[in-house]
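Here is the structure we will look at, set down as structure tokens.
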Amino acid sequence: MSIERYNAGPVETRWQAAWNERDAFATPDDNSRPPYYVLEMFPYPSGNIHMGHVRNYTMGDVLARYKRAKGFAVLHPMGWDAFGMPAENAAMDRGVHPAKWTYANIDTMRRQLKAMGLSLDWSREFATCDPSYYRHEQEMFIDFMAAGLVDRRVSMVNWDPVDHTVLANEQVIDGKGWRSGAPVEKRELAQWFMRITDYAQDLLDALDTLENWPEKVRLMQRNWIGRSEGMRFTFDLVDDKGRAVEDGLTVYTTRHDTIFGASFCAIAADHPLARQLADTNPALAKFRREVAALGTSEEAIERAEKHGVPTGLYAIHPFRPDVRLPVYAANFVLMGYGEGAIFGCPAHDQRDLDFARKYGLSVTPVVAPANVDPSGFSVGDEAYLEKDGTAVRMINSDFLDSLSVEEAKDEIARRMEASGIGERRVNFRLRDWGVSRQRYWGCPIPVIHCQTCGAVPVPKQDLPVTLPDDVTFDQPGNPLDRHPTWKHVDCPSCGAKALRETDTFDTFIDSSWYFARFCSPHADTPVDLAAADRFLPVDQYIGGIEHAILHLLYSRFFMRAMKKTGHANIDEPFASLFTQGMVIHETFRKKSGEWVEPGYAVQRDGEWVHKDSGEALTLGPAEKMSKSKKNVVDPEAIIAQYGADTARWFMLSDTPPERDIEWTESGIDGAWRFVQRLWRLVHQVTGFGAGDEKPAAFGQEATELRRVVHKALRNVGEDIEKLRFNRAIAHIYESANALSAALPDKVAPAPDLIWAAREATAMIIQMAAPMMPHFAEECWRLLGNEELVAFTAWPDYDQALLVEDTILLPVQVNGKKRDELVIARDAATGEIEKAALALDGVVRALAGSPVRKVIVVPGRIVNVVA
RNA sequence: GCGGACGUGAUGGAAUUGGUAGACAUACCGGACUUAAAAUCCGGAGGCGUUAGCCGUGCGGGUUCGAGUCCCGCCGUCCGCACCA
């Protein structure tokens, strides 16, 4: 008998049509089933889906299909994070309108996602650039304004002086604009801010409740919020002639215990004092320009070599009036943190130490190990950072000497508070969320600026404020701002001529509530509370680790803001979070450094060469797929060649989902071979004819097969629940291997074995169905089932089959395995000890030494200690 | 610079969370089938050693009857850093 090979293309099209006809993945309305909300981070419509999407959406789809089979009313929606810079770049580069470009990309990507066979409720689809979506965003912003959640204030942006445009950090390369190549300048701009810092403590505290989030993400958020307990206090200032300077210098520190080790003060380049002094101090003015050229990215600022200039001012030590600390403007002090000013204690802070060494400032240790002689303790090129408990004590610190760090902090705080020069203060690293963008392709900020009334929200009945279509991208800058008519409106409050806000929202706002909108995508209000109460929070959220901080933190804040304004009833949007790894692929380069597509690399005599030219190539590390490195694999081509099921199967196999997966030819081939092998197995089993009654008893072979498959069924269920897809797949392989092994090629098997094989086949297909749904439907039909496997309940395993009467116990002597013991599962400890000591391997290893004790871990291991 | 993660055969990884290291897969080797190849099926396989055994989870120490797993210190690779999404 020869079986035709499984031909994925037509089969997949056919079952997709069948699901479509039955509306199989519409979210059920009935409340008889428990709700379950699976969500993958929605894509930016960049043009085509990439392998990262395939991986992300396959994982969510497996969970959605599994949960449906387990009886849940599953919400599994899809939409588009459709505003953003790439659309404007396309407009500038190719003259295509951002809306046209975006919607065309959405059409392409929707088709590609459909080809993957994802079990999505497409009736809920929306794009964030649809006015029907962003009008609600505008409405909520107006409510946020009324609730005091929004501020308008001045902040810094990267300014390209040639293109006259604001640059994103990623558009600043080595301090220069990416298009113009001109050195960037920092500029102040009035912008809208969301008061996320009002929630800093709550966002921090609530992390403890997010037990189903990866610990590393919670830790990253904790550090990002960066709560610290310290002191804010003010130094008196004098100039170089010893004359008092008004106002003094207010600093924030968490190490007030080290005040006697202070050897300088430093202020940010943007500190008001630095600005003021720069007028008369050319060196300082030059320094400020240099710092401005670094742009606004914290990374660039902190990576820059420590560098500063004297301001000519001196701070008077609060406890030693004769000590004057020089005040520098320094490039490592950030205006956005604390007071934008610090005192430097070089002995106990690495940055301060580097700075002090560079400018020849004194380094006095004030904290030392408790067990060393203070006079002999000094600090070289490494700061002494220890500060905990009784292991350290204060030295060289006047009234603080011999105290612990904590005691010293308390004492300083007490004295400063008593004298009124400072107070204890909790500070957060988290800054308020600037949401203004000087761009066209984003949600218009629904505000009108009036000469007399100030910033007035657009009346709700006038929403949405839509983007004008007739814009040009032939020059840089914001097309909304230079549009001839759009911004000219009457003030809604006084009726005078006024101007629309021409900034648009940060696209992070769009993605901060889309998951809530999916619960009721057609509602007249932003969210229908009944629908949201049913499905929120998202039960399982899946996406890339690159969103670990910003997107997830903004969404957490937004949910709270929505609650405050009556648009939600909960605080936390995502009950469980899973962060999947990237898809990577090997890279090849020519000697010249030019990247070569892996498809052109072949091995000849052990060396990699170009297939056509024979030019020598070097194999680089596997890296994230990117066009620039020419190592992308197109999902559409893979699906056309192998089918969606094979691509999905490969994406789930072998590599743990949270880790980076390497795309390999052999891997996708292996997945494809397994599909074919299962296909043959199914035919072999259906060849035995229709099913019989379940046999009263099973022989050893049949029992063994059933044991493997039922165990796999239990494990696959547990693994899918925990998103350990690679392990689930290994268990499916084990079942298929056991089934192959049980089926003799020539002889007809006994009826009990046929029955067991039929059961095993059905279970394997059901276990594999969430991963390769089209193939499973095809096989399910072949096995004689009328109903779709998509509508079939997940099978139950037989607990009795999982318990074995005898077990295999490894036996160690002094921790090294020497033998194995086959013994009854419920054997008594004494019996196990006795049997273990009698084993050949144990006797040999003991070589007559007396046994000191025997450790028996029931069901696990025996260790004989000699 | 700051913050976070990861490191196990030739390769991706598994290891019941402190209890037999290498499940499952890929690549490879051998055999069957074939004129041949592909496909398929069967078998092999961490390293050294004939067996007994010794060594082995990036490196160095430690805790423990027992460490891939816990602790301390190194080394290496990757990710995020607030206007990319």
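In the text below, chain A, chain B and the rest are named by the order of the sequence lines, each starting its count at 1.
- Checking C6(B) for Watson-Crick or G-U wobble geometry (two distances, each under 3.5 Å) identifies G76(B) as its partner.
- When heavy atoms are screened at a 4.0 angstrom cut-off, Gly667(A) is found touching no nucleic acid atom at all.
- When heavy atoms are screened at a 4.0 angstrom cut-off, Asp81(A) is found touching the sugar-phosphate backbone but no base atom.
- The gap from the P atom of U63(B) to that of C72(B) amounts to 15 Å, rounded to the nearest Å.
- For A23(B), there is no paired nucleotide, since no Watson-Crick or G-U wobble pair has both relevant distances below 3.5 Å.
- If you take CE of Met582(A) and C1' of C78(B), they are 7 Å apart, rounded to a whole angstrom.
- Nucleic acid contact class of Pro656(A) (heavy atoms, under 4.0 Å, all strands): sugar-phosphate only.
- Applying the 6.0 Å contact sphere to CG of Asn223(A) captures more than 12 heavy atoms from other residues, nucleotides or ligands.
- With P as the reference atom, G73(B) and G9(B) are 25 Å apart, rounded to whole Å.
- Side-chain atoms of Gln191(A) and base atoms of C83(B) include a donor and an acceptor less than 3.5 Å apart.
- At the phosphate of A38(B), neither OP1 nor OP2 sits under 4.0 Å from any side-chain N or O atom of Arg5(A).
- Within the structure, a side-chain polar atom (N or O) of Asn737(A) is placed less than 4.0 Å from OP1 or OP2 of A25(B).
- Across G80(B), U20(B), C24(B), the shortest atom-to-atom separation from the side chain of Tyr733(A) is found for C24(B).
- Here Arg680(A) does not reach the OP1 or OP2 of A39(B): none of its side-chain N or O atoms lies under 4.0 Å away.
- OP1 or OP2 of G12(B) has not a single side-chain nitrogen or oxygen of Asn726(A) nearer than 4.0 Å.
- Comparing A39(B) with C48(B), their C1' atoms are spaced 38 Å from each other, to the whole Å.
- With salt bridges taken as basic N to acidic carboxylate O contacts below 4.0 Å, none links Lys216(A) and Glu658(A).
- Side-chain nitrogen and oxygen atoms of Thr655(A) include none within less than 4.0 Å of the OP1 or OP2 phosphate oxygen of G12(B).
- Here G13(B) presents its C1' atom at 11 Å from CD1 of Ile661(A), a figure rounded to the nearest Å.
- Judged by atom type and distance alone, Gln438(A) reaches the base of C83(B) through a side-chain donor-acceptor pair under 3.5 Å.
- The nearest heavy atom of RNA chain B to Glu215(A) and to Val864(A) marks one nucleotide each, and the one closer to the 5' end goes with Glu215(A).
- U51(B) makes up no base pair with any nucleotide shown, lacking Watson-Crick or G-U wobble contacts both under 3.5 Å.
- Residue Ile549(A) contributes atom CD1, which lies 7 Å from atom C1' of G3(B) at whole-angstrom precision.
- Using a 4.0 Å heavy-atom criterion, one finds that Gly434(A) contacts the sugar-phosphate atoms exclusively.
- In terms of phosphate contacts, Arg818(A) brings a side-chain nitrogen or oxygen within less than 4.0 Å of OP1 or OP2 of C54(B).
- Within 4.0 Å of Ser436(A), counting heavy atoms only, lies at least one base atom of the nucleic acid.
- Using a 4.0 Å cut-off between charged nitrogen and carboxylate oxygen, Glu734(A) and Lys711(A) do not count as a salt-bridge pair.
- For an aromatic pair to be called close, the ring centres must be under 6.0 Å apart, and Phe650(A) with Trp672(A) fails this.
- Across all strands shown, His547(A) has heavy atoms under 4.0 Å from base atoms, whether or not it also approaches the sugar-phosphate.
- Between the P atoms of G58(B) and G76(B), the separation comes to 16 Å (whole Å).
- Phe674(A) places its CZ atom 15 Å from the C1' atom of U40(B), with the value rounded to the nearest Å.
- Atom-to-atom distance recorded for Leu550(A):CG and Gln221(A):CD is 9.0 Å, nearest 0.5 angstrom.
- As a whole-Å value, the separation of Arg673(A) CZ from A39(B) C1' is 10 Å.
- Separation of the P atoms belonging to A27(B) and C79(B) is 28 Å when rounded to the nearest angstrom.
- Dashed line: the shortest gap from a side-chain N or O of Arg659(A) to OP1 or OP2 of C78(B) is not under 4.0 Å.
- A salt bridge does not link Arg195(A) to Asp432(A): none of the charged nitrogens lies less than 4.0 Å from a carboxylate oxygen.
- Residues forming a side chain to side chain contact (heavy atoms under 4.5 Å, CB included) with Lys176(A) (at least two apart in sequence, or on another chain): none.
- Within 4.0 Å of Glu820(A), counting heavy atoms only, lies at least one base atom of the nucleic acid.
- Across all strands, Lys817(A) comes closer than 4.0 Å to base atoms (heavy-atom distances).
- The interatomic distance linking Glu170(A) (CD) with A82(B) (C1') rounds to 13 Å, in whole Å.
- Looking at Asp654(A), its side chain comes within 3.5 Å of the base of G12(B) through a donor and an acceptor atom.
- Remark: Glu299(A) pairs with Arg303(A) by the salt bridge (Lys or Arg N to Asp or Glu O under 4.0 Å) rule, at least two apart or across chains.
- Note on Glu546(A) versus Lys624(A): no salt bridge recorded, every NZ/NE/NH1/NH2 to OD/OE distance being 4.0 Å or above.
- Ring orientation note: the planes of His551(A) and Tyr541(A) are tilted relative to one another, at an angle of 30° to 60°.
- As rounded to the nearest Å, G30(B) and C74(B) have P atoms that lie 48 Å from one another.
- Scanning atom types as modelled, no donor and acceptor separated by under 3.5 angstrom connect the side chain of Glu298(A) and the base of C81(B).
- The side chain of Lys816(A) places an N or O atom within less than 4.0 Å of a non-bridging phosphate oxygen (OP1 or OP2) of C55(B).
- Across all strands shown, C28(B) forms a Watson-Crick or G-U wobble pair, both distances under 3.5 Å, with G44(B).
- Here Val166(A) lies in heavy-atom contact (under 4.0 Å) with a base.
- Here Leu219(A) lies in heavy-atom contact (under 4.0 Å) with sugar-phosphate atoms only.
- Using a 4.0 Å heavy-atom cutoff across all strands shown, Val865(A) reaches sugar-phosphate atoms only and no base atom.
- Among the atoms of the strands shown, none is found under 4.0 Å from any heavy atom of Val811(A).
- In this structure G9(B) sits in the syn conformation; its chi angle is within 90° of 0.
- Side-chain nitrogen and oxygen atoms of Arg437(A) include at least one within less than 4.0 Å of the OP1 or OP2 phosphate oxygen of C83(B).
- Not one side-chain nitrogen or oxygen of Asn814(A) sits closer than 4.0 Å to the OP1 or OP2 atom of G66(B).
- Across all strands shown, Glu662(A) has no heavy atoms under 4.0 Å from either base or sugar-phosphate atoms.
- What separates CD of Glu658(A) from P of C6(B) is a distance of 9 Å, to the nearest Å.
- Arg439(A) contributes a side-chain N or O that forms a donor-acceptor pair with the base of C83(B) under 3.5 Å.
- The glycosidic torsion of U17(B) lies within 90° of 0, placing the base in the syn range.
- Using C1' as the reference atom, G19(B) and U69(B) are 11 Å apart when rounded to the nearest Å.
- Rounded to a whole Å, the CZ atom of Phe508(A) is 10 Å from the P atom of A82(B).
- Across A45(B) and A36(B), the matching C1' atoms stand 28 Å from one another, rounded to whole Å.
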